[in-house]
Amino acid sequence: MTTSTDLQTLHDQIADRLAAAVTTRRGAWRTPVLSTIDADGAPNARTVVIRAIHPDTRSLEIFTDNRSAKIGEIAAEPRTSLTFWDPVDAEQLRLTGTCAAVADHNLVAQRWDSIGPRGHALYGEPGRQNFVVLKLQWTVWDWLWIGDIVHRRARFDWSTDGQYSARWIEP
């Protein structure tokens, strides 16, 4: 549980939880909900799997199928959000930013190779052509802890130069 009262410590704890989401197969933050906007302007949410975190570029990777509705939705409106929830610790993180399909063919090929035959089977035939790596670069973390007696909420906003400001917020 992330319960620090110091914003720098809280930032570091959240960053550690995000990094652990990549390697902790059954971890609560491994499978957040990705929200996009559909063609009618309505929200569209689905569970995804976090595959990589890049703190230096404030980004993370998600793998998907190019036949998925989210591909067109993100192309039309790249602003997206991820909602992470840990029911054991009563901790939520809403991560907001922009998302796009990765165009670097070498990186996509590396990621394809990394998932192996079982992962390849998820993408049907021809699997490699259906495989897409999405990269979401965050600009905001909105963190909430729902304690038994008190709730805590903090917001972290990143500027274009990569610096962030943090503050406690109510409610």
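- A donor-acceptor pair under 3.5 Å is formed between the side chain of Trp145 and the backbone N or O of Asp89.
- Considering CG of Asn130 and CG of Asp65, their distance stands at 4.5 Å, rounded to 0.5 Å.
- In the hydrophobic cluster analysis, where Ile, Leu, Val, Met, Phe, Trp and Tyr join through side-chain heavy atoms closer than 4.5 angstrom, Leu95 is grouped apart from Ile146.
- The backbone N or O of Thr139 lies less than 3.5 Å from no partner atom in the side chain of Thr96, so there is not a single donor-acceptor pair.
- Residue Thr36 forms a side chain to side chain donor-acceptor pair (under 3.5 Å) with just one option from Arg79, Glu73, Glu77, and that option is Glu73.
- Counting only distance, with no hydrogens or angles, the side chain of His120 and the backbone of Trp112 share a donor-acceptor pair below 3.5 Å.
- No more than 12 heavy atoms of other residues, nucleotides or ligands shown are found within 6.0 angstrom of CG on Asp148.
- Hydrophobic clustering of Ile, Leu, Val, Met, Phe, Trp and Tyr side chains at less than 4.5 Å, counting indirect connections, keeps Val140 apart from Ile53.
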Next item on the list: Before giving the answer on side chain to side chain contact (heavy atoms under 4.5 Å, CB included), spell out for Trp141 and Leu93 the whole-Å C-alpha distance, their side-chain angles and the decisive distance to 0.1 Å.
Entry: CA-CA 7 Å; Trp141 288 351; Leu93 176 67; 3.7 Å; yes

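- The shortest heavy-atom contact between Val132 and Ala101 is CG1-CB, 3.8 Å.
- Not counting sequence neighbours, the partners of Arg155 by the salt bridge (charged side-chain N to carboxylate O under 4.0 Å, His left out) test are Asp157.
- In this structure, CD on Glu61 lies 11.0 Å from CG on Leu136, to the nearest 0.5 angstrom.
- In terms of hydrophobic clustering, with Ile, Leu, Val, Met, Phe, Trp and Tyr side chains grouped at heavy-atom distances under 4.5 Å, Val150 and Leu10 are assigned to a common cluster.
- Judged by distance alone, the side chain of Arg46 and the main-chain N or O of Ser35 form no donor-acceptor pair under 3.5 Å.
- For the residue pair Gln8/Asp12, the side-chain donor-acceptor check at 3.5 Å is satisfied.
- Remark: side-chain polar atoms of Asp86 are not paired, donor with acceptor, to backbone N or O of Trp29 under 3.5 angstrom.
- When all heavy atoms of Ala28 and Arg17 are compared, the pair lying nearest together is CB-NH2, 4.2 Å.
- Contact annotation: the side chain of Ile115 approaches that of Phe131 to within less than 4.5 Å [non-hydrogen atoms, C-beta and beyond].
- Residues Leu134 and Ile71 have side chains in contact (heavy-atom distance under 4.5 Å, counting atoms from C-beta outward).
- Side chain of Asn44 to backbone of Asp38: no donor-acceptor contact under 3.5 angstrom is found.
- In this structure, the side chains of Arg51 and Arg30 come closer than 4.5 Å at one or more pairs of heavy atoms.
- We find the CG-NZ distance between Leu34 and Lys70 to be 7.0 Å, quoted to the nearest 0.5 Å.
- Trp168 and Trp158 fall within the same hydrophobic cluster, defined by Ile, Leu, Val, Met, Phe, Trp and Tyr side-chain heavy atoms under 4.5 Å apart, directly or through other members.
- Annotation: side chain of Ile14 is in contact with side chain of Leu18 (closest heavy-atom distance under 4.5 Å).
- Within the 4.5 Å cutoff, the side chain of Leu7 has heavy atoms near those of the Phe156 side chain.
- Ser59 places a side-chain heavy atom less than 4.5 Å from the side chain of Lys135.
- For the pair Arg111/Val108, no side-chain contact is recorded, criterion being any heavy-atom separation below 4.5 Å from C-beta on.
- The minimum heavy-atom distance linking Ser159 with Arg58 is given by the pair O-NH2, 4.2 Å.
- The two atoms that bring Phe84 and Ile50 nearest to each other are CE2-CG1, 4.0 Å, heavy atoms only.
- Annotation for Arg128: atom CZ counts as buried by contact number, over 12 foreign heavy atoms lying within 6.0 Å.
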Next item on the list: Take His54 and Gln137 through the test side chain to side chain donor-acceptor pair (under 3.5 Å) and record every step on the way to the result.
Entry: CA-CA 9 Å; His54 308 286; Gln137 184 177 38; over 6 Å; no

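- With a 4.5 Å cut-off on side-chain heavy atoms, Val48 and Leu82 count as touching.
- Contact detail for Thr98 and Thr80: the closest heavy-atom pair is C-OG1, 4.3 Å.
- When all heavy atoms of Pro126 and Gln129 are compared, the pair lying nearest together is CG-OE1, 2.8 Å.
- Residue Arg152 holds its CZ atom at 14.5 Å from CD1 of Ile169, rounded to the nearest 0.5 Å.
- The structure places CH2 of Trp143 at 11.0 Å from CD of Gln92, a figure rounded to the nearest 0.5 Å.
- Put simply, the side chain of Asp40 never gets that close to the backbone of Ala42: no donor and acceptor are under 3.5 Å apart.
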